[in-house]
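Input: a single structure, listed below in structure tokens.
Throughout, a chain's letter reflects where its sequence line sits, starting with A, and its residues are numbered from 1.
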Amino acid sequence: MPDQLDLKKTINLPKTDFSMRANLPTLEPRILAQWEEMGLAKKIRSARKGRKTFILHDGPPYANGHIHLGHALNKILKDLIVKSKTMEGYDSPYLPGWDCHGLPIEIKVVRQKKAGMDLLKVRQQCREYARKFVEIQREEFKRLGVFGEWDSPYLTMSNEYEAETARLFGRFVEKGSVYKGFKPVHWCISCETALAEAEVEYADHSSPSVYVKFPLVGGSTSLHPQLADRKVFALIWTTTPWTLPANLAVCFHPNFEYSLLEVEDEIYIIARELLERVAQECGFEDYRIVITLRGEALKNLVFRHPWLDRESKSILADHVTLEQGTGAVHTAPGHGHDDYLMGIEHGLQIYCPVDDSGRFTSDVEHFAGLQVFEANPKINRFMAEKGVLVAEKTIVHSYPHCWRCHNPVIFRATPQWFISLDHADLRRRAIEEVKLVRWIPNWGQERMGSMLANRPDWCISRQRVWGVPITSFYCKKCEKPFLRSEIVDHVADIFQKESADAWYSRSVAELLPDGTRCQCGNTELEKEYDILDVWFDSGTSQHIVLREAENLPWPADVYLEGPDQYRGWFHSSLLIAVGVRNAAPYRTVICHGFSLDAEGHAMSKSRGNVISPLDVMKKDGAEILRLWVSSIDYTEDSRLGGEILSRLREAYRKLRNTIRFPVGNLFDFGASKQVSNEGLFELDRWALARMAWAAHQAEEAYKRFEFHVVYHTLYNFCVVDLSSFYLDVLKDRLYISAPDSLARRAAQTALFRITDTLVRLLAPILPFTCEEVWKNLYSHGGPVESVHLTEFSREIDQYQDKKLLERWEPLLKIRTQVSKALEESRQRKEIGNSLEATVNIQCGRRSFEYLQTFSEHLRFLFIVSHVELTEASELSGEKIEVSVSKALGEKCERCWNHLPSVGTHAGLPMICSRCYEVLQEIGVVKKVPS
RNA sequence: GGGCCUAUAGCUCAGUUGGCUAGAGCGCACGCCUGAUAAGCGUGAGGUCGGUGGUUCAACUCCACCUAGGCCCA
């Protein structure tokens, strides 16, 4: 007679090597190595060869520093698209790239090496520096589980890329869109060089603070009849009197109110809100407001320069503020950013009578040759003498200084290269293209459109070394720029062979075709030393990288970047593509939010709230990060912190364990053991129908790039449908039935198909774990050697069954009611395990009939030993009342059900009839002929 | 300061064109199980829908303003 120990051996408990705990930090690198070894990347490509392509074009990250959370978010999202499109059946090659040129790297190199390096040397070191970080970031991205052509990424510093960038610049030259103009930049007068914003340090500096009056020329009556014959002035405030010789306008805000203030016999125009402060600063004692006007009324006035014989126009502008000053803003288009924009908008000259060393040119009467800071007090004294200086003080304020020599810098218009937005209709065509692109989220269209509509011409020159040179020359004789598209192409061919370093290593003669001469006839030319804006560099990637011949057709199906790229890469890619190919380079643009800390603040070193993806990978694994990315609505900014990570770890464990159950219960299952659909239990068909429904939901969500919907759908399916219901109910059938019985094989068939479907759906999100599952699920040999070579299951579709799902809905509600009743009984200490219970259900007519259709399955579905249905005439149709009592009979030591049949089998006192039969079937007890 | 965006339970998300006591899962609390066991199951408690005002018979949903935060520009 078998004892208890032997009984345990007669049930079919799960067996698997798929461990409960993953230890992702060690598992992931192991799987990466396996993929490397089997050449998975190549196999995926050849498996999809000839299929329709889906191209996600990679926005190149900057090759500087280790990856941060934003990189991880971006690359994982891209990978979710590439992997899900691949599993949808597309050929979706992903060619990653790096942005290698630019100031940050140049600064690092120049700082390390101090001054005195020749330009070629600087470029070589920059190149090395960029290469180093490409290597570092490449490994970090691969570690995230991102699939791509990591062996052949595109680099904006490659010969090919630099040459093509130069050629594309040539296309704009060809069209006549490139011109040379002026634009104010930060300028260090002691280093005599332009400075980028990043090279400027802010420090306290004391400056004069002056109020200066600009007389209104004529027309005071037109402003207001009361003002006839009065002396009216605009009163401006500035801390840079030296910019006054370059004044060309006075700005007012159209919506502010301006008071005309009578002080002695003069009238000053001052913003009403600033009146008291200005009066105090200027020491006005007796004053009265003559009238108050809206800024709008100050349109089209003409003032005279305080001492020069020159007009200063009034301009209405939104940048005027009430923070300081008078509400009337001195505007010198050559010496300020807003001033410059006003100048462009209103056709003023970008006038800058200051030379490289910060001295006034001969253009400036009275002060020519003076250095601007030294000129300040002299100008003030001069104005005082002229009676135009209303007040003078000194203030200490934050002021830009040169990062190298620490002297205060000035803002000064310098010659720069531009691409005209309106030449060749570039702006209008770009705006038209924006409307043809699908923007996710859709407000992107509005944002991009209005940005294009309002932006000034594109300043494409930088006074730097590490980039693609602007391949223009200057005539030494007539001093005009010598810029020809044929020459640009000629030079680009040299770059192709030697990289753009050739611009620095070769002489002018070695760069130019023989016999090149300026239109003035001169043959003496010299090189331009400006380089192209890096946004021009990266904006060309679509044209350079996307080539039909390389299975990367243009335009890209998708661009996906953070919101800073509306101004950056989305923008420059569009302008270049429209300029060169007359169409947008992308069909869809997806914009994700920023990653923030747990409190919703931006991460920064100074705040000390930075979460490194490298740390998370080391501690929890890349898949925890991937789970995070898939769980959030990435179109908004997303938080990450300790609690969220801990929730994610728990979610991962739940998913892993839920999948582990079927894997463990399929240890003795294979294709040959599959049961036909007719052999499946209704419950199995229900579970398959739920899987089919969830699969459909998830696939549709993948198509809409709504990964969090995928995550929530699959996670809830695992938790609600599988773990707490289907799998829990199935334990009895799997463990207790004879191993090869139809009942058990039916359950296994369903489990197998569900797992097979589920693991494919989860593979884009959890590529490592799903690969591990795949190996275990197909331990006896599978259709393909990696889950990443499969497609989403189409086989599951046959189980879609809306009617069946509807039929089961009420049952699941009743099950909840039963659970409540069981819980109450448990609280009363009447039962512990639900198998100790009999459930009595008083039913209304309809419920009675409904529940009867589930017949003997009910007790298994509720996981109780007995269900008693009674029709109760006092209950209306669908109503039921549930009560719980102790189950009759003893506990079967094998299946743990409490049944009257336990003890009725000779020689096996603690066994129920069902178990007795199973034991006979598997030959543990002898079959007795009845 | 300007443009664009966001704000629903501790967390991550749902809430269709304004209309039933605002939903889910997790977490938490309490309990069960010990044949998924560093697992599994059940029950329960959590929300003035960022705030204020307005439109409406009715607002989480529409409008205005404010607050907090994000990106870009200044």
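Across all strands, A:W896 comes closer than 4.0 Å to base atoms (heavy-atom distances). Contact annotation for A:R567: backbone-only contact, meaning every heavy-atom pair under 4.0 Å involves sugar-phosphate atoms and none involves a base. Across all strands shown, A:T816 has heavy atoms under 4.0 Å from sugar-phosphate atoms exclusively, and none from any base. Heavy atoms of A:L734 sit nowhere under 4.0 angstrom from any nucleic acid atom. Within 4.0 Å of A:S631, counting heavy atoms only, lie sugar-phosphate atoms of the nucleic acid but no base atom. Among the protein residues, A:R447 comes within range of the nucleic acid bases, having at least one heavy atom under 4.0 Å from a base atom. Residue-level contact check: A:I11 touches the bases, meaning some heavy atom is under 4.0 Å from a base atom. Counting non-hydrogen atoms under 4.0 angstrom, A:S834 reaches nothing in the nucleic acid. If you check every strand for non-hydrogen atoms under 4.0 Å, A:D728 touches sugar and phosphate atoms only. No contact: A:Y566 has no heavy atom under 4.0 Å from any strand. A:V720 comes within 4.0 angstrom of sugar-phosphate atoms only, judged by non-hydrogen atoms across all strands, and of no base. Residue contacts for A:G664: at a heavy-atom cut-off of 4.0 Å it reaches no nucleic acid atom on any strand shown. Among the heavy atoms of the strands, none lies under 4.0 Å from A:A651. Using a 4.0 Å heavy-atom criterion, one finds that A:R894 contacts the bases of the nucleic acid, with or without backbone contacts as well.
In this structure, B:C4 and B:G70 make a Watson-Crick or G-U wobble pair, each of the two defining distances being under 3.5 angstrom. For B:A29, the paired nucleotide is B:U43, the pair qualifying as Watson-Crick or G-U wobble because both relevant distances are below 3.5 Å. Base pairing of B:U34: no nucleotide in any strand meets the Watson-Crick or G-U wobble criterion (both distances under 3.5 Å). Applying the Watson-Crick and G-U wobble criteria (two distances, each under 3.5 Å), B:A14 pairs with nothing in any strand. Figure legend. B:C49 is base-paired to no nucleotide; pairs are counted as Watson-Crick or G-U wobble with both atom distances under 3.5 Å. Pairing partner, B:C20: none, since no Watson-Crick or wobble contact has both distances short of 3.5 Å. Under the Watson-Crick or G-U wobble criterion, with both distances below 3.5 Å, B:A58 is left unpaired in every strand shown.
Between A:F536 and A:W458, the distance separating the two ring centers is shorter than 6.0 angstrom.
Separating the C1' atom of B:G70 from that of B:G27 is a span of 27 Å, rounded to the nearest Å. Here the separation of B:A45 from B:C30, taken at their P atoms, is 15 Å to the nearest Å. Spacing of P atoms, B:C63 relative to B:U16, comes out at 15 Å, to the nearest Å. Nucleotides B:A24 and B:A59, compared at atom P, are 24 Å apart to the nearest Å. Spacing of C1' atoms, B:U43 relative to B:C4, comes out at 47 Å, to the nearest Å. Of the C1' atoms belonging to B:A74 and B:G19, the separation is 46 Å, rounded to the nearest Å. Here, B:G18 and B:U61 have their C1' atoms 6 Å apart, quoted to the whole Å. Taking atom P in both B:C65 and B:G46, the straight-line distance is 37 Å, to the nearest Å.
Glycosidic conformation of B:G46 is syn; the angle stays within 90° of 0.
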* To do: Would you please test A:Y566 and A:H571 for ring-ring contact (aromatic ring centres under 6.0 Å, His included) and show each step?
  => CA-CA 6 Å; A:Y566 284 108; A:H571 197 116; 9.6 Å; no

* To do: Determine, stepwise, if the pair A:Y258 / A:F252 fulfils ring-ring contact (aromatic ring centres under 6.0 Å, His included).
  => CA-CA 9 Å; A:Y258 287 89; A:F252 300 93; 5.3 Å; yes

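Here the shortest heavy-atom pairing between A:E893 and A:L7 reads CB-CD1, 3.8 Å.
A salt bridge links A:D728 with A:K731: the closest approach of a Lys/Arg side-chain nitrogen to an acidic carboxylate oxygen falls below 4.0 angstrom. With respect to A:R733 and A:D684, a salt bridge is recorded, a charged nitrogen being found less than 4.0 Å from a carboxylate O. A salt bridge links A:R914 and A:D732; the closest N-O separation between the charged side-chain nitrogens and carboxylate oxygens is under 4.0 Å.
Proximity of a side-chain donor or acceptor of A:N609 to a complementary backbone N or O of A:S604 within less than 3.5 Å is detected. Judged by distance alone, the side chain of A:R815 and the main-chain N or O of A:L861 form a donor-acceptor pair under 3.5 Å.
Heavy-atom neighbours of A:E890 CD from other residues, nucleotides or ligands within 6.0 Å: at or below the threshold of 12.
Protein chain A contacts RNA chain B over a range whose 5' and 3' limits, counting nucleotides with an atom under 4.0 angstrom from a non-hydrogen atom, are B:G3 to B:A74.
Where A:V709 and A:E823 meet RNA chain B, the nucleotide closest to each residue was compared, and A:V709 sits on the side nearer the 5' end. Positionally, the nearest nucleotide of RNA chain B for A:R607 lies more toward the 5' end than for the other of A:L341 and A:R607.
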